[in-house]
Amino acid sequence: AQTVTQSQPEMSVQEAETVTLSCTYDTSESNYYLFWYKQPPSRQMILVIRQEAYKQQNATENRFSVNFQKAAKSFSLKISDSQLGDTAMYFCAFMSAGANNLFFGTGTRLTVIP
Amino acid sequence: EAGVVQSPRYKIIEKKQPVAFWCNPISGHNTLYWYRQNLGQGPELLIRYENEEAVDDSQLPKDRFSAERLKGVDSTLKIQPAELGDSAVYLCASNIGAGESSYNEQFFGPGTRLTVL
């Protein structure tokens, strides 16, 4: 069974600064996907970034980037130039290739301080 | 294009009462998911449909929960009777439908927040 662990229940960062959210996972699969989702108070889950396990290059989406360490089963999210609109819950998630089901961590509440 | 639509957004009921949630996925999306998100937790899958067939309902508490997806479009999730522990946010998501080695993004609705008193 897959497990996803987020050990930081809450984080805060000053506006315009950089913050890193941690995630570790456990799986025996060799081919899978990892995700970071954002959930603002409106509750709608929004995909922030995706990483394919077979790709060595870390994914980047504008201010968001990941540090994917496959051997260590670690998948952290770095948010650069933090903005007030980044305030939300952030969930790390795992999906086996071809399985189509997402497994989520418990989330990290991020607050961006003006 | 409209996203995943869910209703109601909020529901408050007394325990032992029935409740139903409705989801309309994005047009053309064959796969539909129902998740339950307890307070302070991540979403957990309850059931997944491929068109009108429930292909993964292993986490659905079948004694009180039921779901249907008639005609492979809209879906309804029902709880009867509701218990205090059912208080949670119920999220619906959809995607086009992934093949063996491909990935298609899941799009989520805004969820229904259920409070059981």
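The figures here come from the full heavy-atom set of this structure, side chains too, leaving out hydrogens, waters and symmetry mates. Residue numbers begin at 1 in each chain, while the letters A, B, ... track the order of the sequences.
No part of B:Phe107 comes within reach of chain A, as not one of its non-hydrogen atoms sits under 4.5 angstrom from that chain. Contact of A:Ile46 with chain B is not made at all, since no heavy-atom distance falls under 4.5 Å. When heavy atoms are compared at a cutoff of 4.5 Å, B:Asn38 does not approach chain A at all. Proximity to chain A (any heavy atom under 4.5 Å) is shown, for B:Glu44, by neither the backbone nor the side chain.
B:Glu52 pairs by the side chain to side chain contact (heavy atoms under 4.5 Å, CB included) definition with nothing, not counting sequence neighbours.
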Residue pair A:Lys73, A:Asp26: steps toward the salt bridge (Lys or Arg N to Asp or Glu O under 4.0 Å) verdict: CA-CA 7 Å; A:Lys73 295 181 180 175; A:Asp26 189 23; 3.5 Å; yes

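Each of A:Gln39, A:Gln6, A:Met89 has some count of heavy-atom pairs under 4.5 Å with chain B, and the biggest count is that of A:Gln39.
Between A:Tyr25 and A:Phe103, the distance separating the two ring centers is not shorter than 6.0 angstrom. In this structure, A:Phe35 has its ring center at least 6.0 angstrom away from the ring center of A:Phe104.
A:Arg43 forms no cation-pi arrangement with B:Tyr90, by the criterion of a distance under 6.0 Å to the ring centre and an angle within 45° of the ring axis.
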